[in-house]
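Before any comments, here is the structure.
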Amino acid sequence: MSSINLVHQSSRGYHDVKTTNSYVSGRPQVPIECIKFVKEKAEFKLNDNSKVLDLAAGTGKFTELLAKSKFLDITAVEPSAEFREACSKVLEKVKNEESPSLNYHVLDGISTSIPLANESIDVLFISQSYHWFDNIESLNEFSRVLKVGGVLVMIWYDMDLSSDIVNKYADIVHEKYYDGIAPQFRSYKWKNSIEQLKQQFQTSPPTTPFIDPNFNLEKFHFIQKANKQICIERLLSISYISTMSQEKKDQIIKEVSELLDSMPETSDNKTFDFPYRVELYYTIKKDYC
């Protein structure tokens, strides 16, 4: 059975060619400084040859940054065949043009069934996705594949609502048309699974190596250079919008276009600053023996 049949129903909107293309065109990348922060943190003891896993790698936007950060041994796991194809193309391009020593694999899999051996990974990155599979079973699987002392990183970027333009854009795409079903990072409900793990530790302290449920947080900010077309592709890449009828999509595009055309700094398809905030959570797998 393909892994795509096992993912959250709302996320299946991602898994077609049109949505894949919109994701590639409309979504930004986090600043490479986020990866450098992890790679250069002395206590993690990471280097170019560390074994890296990018889980729920999507189209490879984040995986590309891992490769450009000179990690040379990267495995990307992703349930969508369309996204895996896009990710493979991205990594092959980096290998051919920038990093000929790059060794990469792009595999089918999900958070509760990662196709890798026990204690085989030095650092596990999860970008823009843990809220889709925030459960104890996933945390158990992360612990299984991480080496003792290995690093778990969960990272998200979200629209910075301190910008008036972004705030009004988000009112349309994140509030007015949200389906009330798709998990969202900004709800912070994904933290419930981590709190559940902490409670388990208090009730029954671990006696074998496991990830420390006490995550640290580092914050970053960045700017995407956007215009009307990028904003349209961005909204079409949102899971719950991607499954709507074309008529409904056209209505949302019309509202966003009217919003941007009404503001001097964004009218006439002008390029403008679209700010994002980044939250990077990290912890390690400890030996509790």
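No hydrogens, no waters, no symmetry mates; every other heavy atom, side chains included, goes into these values.
More than 12 heavy-atom neighbours from other residues, nucleotides or ligands sit within 6.0 angstrom of NZ on K198. Open room surrounds NZ on K93; 12 or fewer heavy atoms of other groups in view lie less than 6.0 Å from it. For H221, the NE2 atom counts as densely surrounded, since its 6.0 Å shell holds more than 12 non-hydrogen atoms of other residues, nucleotides or ligands.
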Subject >> From CA spacing to verdict: side chain to side chain contact (heavy atoms under 4.5 Å, CB included), Q128, K61 >> reply: CA-CA 11 Å; Q128 295 295 112; K61 277 189 173 287; over 6 Å; no
**OP:** Run the numbers on S127 and Y157 for side-chain hydrogen bond (donor to acceptor under 3.5 Å, both in side chains), then give the verdict.
**Re:** CA-CA 9 Å; S127 174; Y157 62 76; over 6 Å; no
**OP:** Determine, stepwise, if the pair F125 / V52 fulfils side chain to side chain contact (heavy atoms under 4.5 Å, CB included).
**Re:** CA-CA 8 Å; F125 288 95; V52 178; 3.8 Å; yes
Subject >> Steps toward side-chain hydrogen bond (donor to acceptor under 3.5 Å, both in side chains) verdict (N135, S138) >> reply: CA-CA 6 Å; N135 53 62; S138 294; 2.9 Å; yes
**OP:** Could you go through the side chain to side chain contact (heavy atoms under 4.5 Å, CB included) check for D164 and M263 one step at a time?
**Re:** CA-CA 10 Å; D164 183 52; M263 307 180 78; 3.5 Å; yes
**OP:** Could you walk me through whether Q199 and E195 pass the side-chain hydrogen bond (donor to acceptor under 3.5 Å, both in side chains) test, one step at a time?
**Re:** CA-CA 6 Å; Q199 291 172 10; E195 291 304 314; 5.5 Å; no
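Side-chain contact, H174 with R186: a donor N or O sits under 3.5 Å from an acceptor N or O. A donor-acceptor contact closer than 3.5 angstrom is absent between the side chains of D261 and S267. With 3.5 Å as the limit, one finds a donor-acceptor pair spanning the side chains of N214 and D212. In the model, E255 has a side-chain atom that pairs as donor or acceptor with a side-chain atom of Y177 under 3.5 Å. Between the side chains of S22 and E233, a donor-acceptor pair is found at a separation under 3.5 Å. Y188 and E279 are linked by a side-chain donor-acceptor pair at a separation below 3.5 angstrom, with hydrogens and angles left out of the test. Checking E247 against Q251 by side-chain atom types alone, no donor-acceptor pair falls below 3.5 Å. For the 3.5 Å distance criterion, the side chains of S88 and Y104 fail to qualify, holding no donor opposite an acceptor.
Ion pairing between a basic and an acidic side chain is recognised when a charged N comes within 4.0 Å of a carboxylate O; K176 and D171 show no such pairing. Ion pairing between K68 and E98 holds under the 4.0 Å rule for side-chain N and carboxylate O. By the 4.0 Å N-to-carboxylate-O rule, K36 lies too far from E40 to be salt-bridged with it. Between D250 and K254 there is no salt bridge, since no side-chain nitrogen of the basic residue lies less than 4.0 Å from a carboxylate oxygen of the acidic one.
Aromatic rings from F220 and Y276 are positioned such that their centres are separated by 6.0 Å or more. Taking the six-membered ring for Trp, F215 and Y282 have ring centres at least 6.0 Å apart.
Each of D122, D73, N103, T75 was scored for a side-chain hydrogen bond (donor to acceptor under 3.5 Å, both in side chains) with K51, with one residue passing: D73.
Follow the hydrophobic side-chain contacts under 4.5 Å out from Y288 and you never reach V148; the two are in separate clusters. Residues Y23 and I230 fall into different hydrophobic clusters, defined by Ile, Leu, Val, Met, Phe, Trp and Tyr side chains chained together at heavy-atom separations under 4.5 Å. In the hydrophobic clustering of ILVMFWY residues, with side-chain heavy atoms under 4.5 Å counting as a link, I194 and I136 come out together. Residues V90 and F83 do not share a hydrophobic cluster, defined by chaining ILVMFWY side chains whose heavy atoms lie under 4.5 Å apart. Residue I126 is grouped with residue V145 when hydrophobic side chains (ILVMFWY) are merged at heavy-atom distances under 4.5 angstrom, including chains of intermediate members.
Under the 4.5 Å side-chain criterion, counting only non-hydrogen atoms from C-beta, D54 is not in contact with V77. Two residues are said to be in side-chain contact when any heavy atoms from C-beta on lie closer than 4.5 Å; L259 and Y169 meet this criterion. For the pair I114 and R144, the minimum side-chain heavy-atom distance is below 4.5 Å.
Note that K286 lies outside the cation-pi zone of F210, set by a 6.0 Å cut-off to the ring centre and a 45° limit from the axis.
Note that CE of M159 is 4.5 Å distant from CZ of F274, once rounded to the nearest 0.5 Å.
Classified by interplanar angle (parallel below 30°, tilted 30° to 60°, perpendicular above 60°), the ring pair F185/W156 is parallel.
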